[in-house]
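Written below as structure tokens is the structure these notes are about.
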Amino acid sequence: MPELPEVETIRRQLQRVLPGRRLGSVLRVDPAVLDGVAREDLAGRLPGRSIEDLDRRGKYIVGRLSGELYLTIHLGMTGSLRVLTGAGPVGHERLAVRLDLERGAAGDSVERLAFIDARKFGRVRLTAGAPWSGLVRLGPDAWRGDWTADWLEERLRSRKAGIKSVLLEQKVMAGIGNIYADEILFAAGIDPRRSAGSLRSMEVKKLAESIRRRLDDGVRLRGCSISDYVDARGRSGSFQDELRAYGRHGQACVDCGSTLRRVVIAGRGTAYCPKCQR
DNA sequence: CCCAAGTCCTGGTTGC
DNA sequence: TGCAACCAGGACTTGG
């Protein structure tokens with residue numbers, strides 16, 4: 001499940017190889033992943049554009065193309081974005097665009113940029129002049145944003161909803177999903193069911209530190225591969241070996257040995273330690 | 001049949 | 001009282 005660290009891993013890899021390259025013909029488009037753009041429009045406007053750079057906002061990747069055109073991509077829950085060489089299997093590819101070199105006679109390039117997503121939760125938006133307008137609803141980036149613990153405390157104060165539910169709200173902070181929410185709350189020693197507004201100043205401070213640190217761990221280990229996540233080169237990350245809470249219900253807490261419990265919060269499976277997390 | 005989960009939507013509630 | 005913000009839960013999707 002691509003959350004901020006997985007998306008950042010993919011962005012970094014693509015940023016190393018894509019800028020300066022030119023998009024060729026659109027080889028495949030599944031209209032199910034498009035939003036606000038027709039299949040023909042995409043196929044008509046991408047060829048010939050060069051990729052200038054790749055940015056990230058929360059879980060979204062924004063590709064800036066020549067001519068003030070932007071591709072805003074969300075990987076959903078099983079999506080990946082890869083540079084593939086040769087014919088290769090098509091399988092779950094929802095969108096594939098041929099890649100050409102910017103200069104020279106490379107019209108017969110055999111590489112392609114592919115958006116692969118078995119469950120069709122991912123979305124691709126094409127806009128002119130600015131990235132997709134939906135991004136303005138996002139809060140500051142959870143990892144790189146310039147928010148502070150004081151700001152977070154103020155933001156949580158008025159909220160009665162559970163702290164985990166609020167961490168999952170992209171309009172509060174962008175980038176945290178179910179896996180990192182469980183890891184962050186475990187690291188902070190906070191019960192995921194606690195009302196967000198009930199956290200004391202010291203607890204919010206610990207929470208803020210845990211958000212930065214745990215996301216940083218994820219980025220450093222190139223993401224978390226539970227079921228199908230792979231980076232832009234098709235490699236797995238290794239954060240899954242560092243999980244202390246997510247998916248560990250029924251197993252022993254790495255800190256105190258208690259059995260981790262499972263509850264459902266915001267419709268999501270949630271694992272926590274009843275002794276360490278208060 | 002249940003579970004996985006990110007985002008959007010809905011209907012009901014809260015509080016300023 | 002009016003209305004915006006808030007909140008919980010469901011829909012969507014496919015594979016294990």
Side-chain angles (χ1 to χ4, degrees), chain A residues 1-11 30-36 56-62 72-81 89-95 115-125 131-139 141-143 154-185 192-199 215 218 223-230 236-237 239-240 243 245-251 260-272:
Chain A
M1 303 104 221
E3 302 180 27
L4 189 155
E6 291 74 31
V7 176
E8 174 63 15
T9 300
I10 291 170
R11 186 202 67 80
D30 178 349
V33 302
L34 299 182
D35 181 50
R56 181 190 58 75
R57 280 290 308 277
K59 302 173 193 171
Y60 292 84
I61 288 182
V62 179
T72 303
I73 299 170
H74 193 289
L75 299 173
M77 107 186 230
T78 54
S80 62
L81 204 49
V90 172
H92 289 131
E93 283 182 36
R94 300 291 167 203
L95 176 64
F115 173 66
I116 303 165
D117 182 19
R119 297 192 190 171
K120 303 183 183 177
F121 268 29
R123 289 292 178 271
V124 174
R125 276 111 176 169
W132 176 54
S133 60
L135 297 186
V136 304
R137 291 193 290 266
L138 297 179
D141 194 77
W143 181 55
E154 182 59 34
R155 203 65 224 275
L156 299 181
R157 185 178 307 176
S158 62
R159 301 294 305 272
K160 250 191 248 177
I163 181 61
K164 176 169 172 179
S165 302
V166 176
L167 286 181
L168 292 173
E169 286 180 26
Q170 306 301 299
K171 68 182 181 202
V172 175
M173 268 193 314
I176 299 172
N178 200 40
I179 296 171
Y180 290 90
D182 276 10
E183 291 305 306
I184 287 163
L185 288 168
R193 301 165 298 179
R194 287 269 302 280
S195 155
S198 76
L199 299 191
L215 290 174
C224 179
S225 299
I226 298 284
S227 52
D228 20 30
Y229 163 73
V230 289
S236 297
F239 187 73
Q240 67 278 2
L243 294 176
Y246 176 84
R248 297 195 70 250
H249 49 278
Q251 299 179 46
L260 266 54
R261 290 192 187 148
R262 178 182 187 275
V263 289
V264 174
I265 294 173
R268 306 291 169 251
T270 301
Y272 73 102

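Chain A is the first sequence line, chain B the second, and so forth, proteins listed ahead of strands; every chain is numbered from 1. Just so it is clear, the structure is predicted and the values come from calculations on it, not from any experiment.
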Earlier contact from the 5' end, DNA chain C, for A:Arg268 and A:Glu169: A:Glu169

Which atom pairs link the protein and nucleotides 10-16 of chain B when you take only N or O atoms and keep those under 3.5 Å?
{"unit_1": "B:dG15", "atom_1": "OP1", "unit_2": "A:Lys160", "atom_2": "NZ", "d": "2.4"}

Test: A:Glu169 and A:Arg155 ion pair at under 4.0 Å: no

Side chain to side chain donor-acceptor pair (under 3.5 Å) against A:Arg94, all qualifying residues, sequence neighbours excluded: A:Asp30

Degree of bending, the helix from B:dC2-C:dG16 to B:dC16-C:dG2 (end axes from five pairs; round to 10°): 30°

Qualifying ring pair (Phe, Tyr, Trp, His ring centres under 6.0 Å) pairs, either residue in residues 155-174 of chain A, two or more places apart: none

Nearest-nucleotide 5' precedence on DNA chain B, A:Arg137 against A:His249: A:His249

A:Thr270: side chain to side chain donor-acceptor pair (under 3.5 Å) partners, not counting sequence neighbours: A:Lys164

Rounded distance in Å - CD1 (A:Ile61) to P (B:dG6): 16 Å

Residue A:Trp132, side-chain atoms from C-beta onward, closest of B:dC8, B:dA5, C:dC7: B:dC8

A:Lys171 side-chain N/O to B:dT7 phosphate OP1/OP2 under 4.0 Å: no

Length of the line joining A:Glu3:CD and B:dA4:C1', which is rounded to integer Å: 13 Å

Shortest non-hydrogen contact from A:Ala181 toward A:Leu168: CB-CD2, 4.0 Å

OP1 or OP2 of B:dG6 under 4.0 Å from side-chain N/O of A:Gln170: no

Heavy-atom pair with the smallest gap, counting every atom of A:Arg123 and A:Lys120: NH1-O, 3.0 Å

Length of the CG-C1' vector between A:Asp117 and B:dG6, whole Å: 11 Å

Protein-nucleotide distance (A:Asp182, atom CG; B:dG6, atom P), rounded to Å: 11 Å

Could you list the protein-to-nucleotides 13-15 of chain C atom pairs, N/O on both sides, closer than 3.5 Å?
{"unit_1": "C:dT14", "atom_1": "OP1", "unit_2": "A:Lys120", "atom_2": "NZ", "d": "3.1"}
{"unit_1": "C:dT14", "atom_1": "O2", "unit_2": "A:Arg119", "atom_2": "NE", "d": "3.0"}
{"unit_1": "C:dG15", "atom_1": "OP1", "unit_2": "A:His92", "atom_2": "NE2", "d": "3.4"}

Considering all heavy atoms, the nearest A:Leu75-A:Pro2 contact: CB-CG, 3.7 Å

Salt bridge flag under 4.0 Å for residues A:Asp141 and A:Arg56: yes

Between C1' of B:dC8 and CG of A:Leu168, the distance in whole Å: 15 Å

Between P of B:dA4 and CG of A:Asn178, the distance in whole Å: 8 Å

Spacing of CD1 belonging to A:Ile176 relative to CG belonging to A:Leu215, to within rounding of 0.5 Å: 5.5 Å

Inter-residue atom distance A:Phe115.CZ - A:Ile61.CD1, 0.5 Å rounding: 9.5 Å

Length of the NZ-C1' vector between A:Lys164 and B:dA5, whole Å: 10 Å

Mutual orientation of the aromatic rings belonging to A:Trp132 and A:Tyr60 [parallel < 30°, tilted 30-60°, perpendicular > 60°]: tilted

Sugar-phosphate only, base, or nothing, as touched by A:Arg159 at under 4.0 Å among non-hydrogen atoms: sugar-phosphate

Phosphate OP1/OP2 of B:dT7: any A:His74 side-chain N/O under 4.0 Å: yes

Closest approach of A:Leu138 to A:Ala174 (non-hydrogen atoms, all atoms of both residues): CB-CB, 4.1 Å

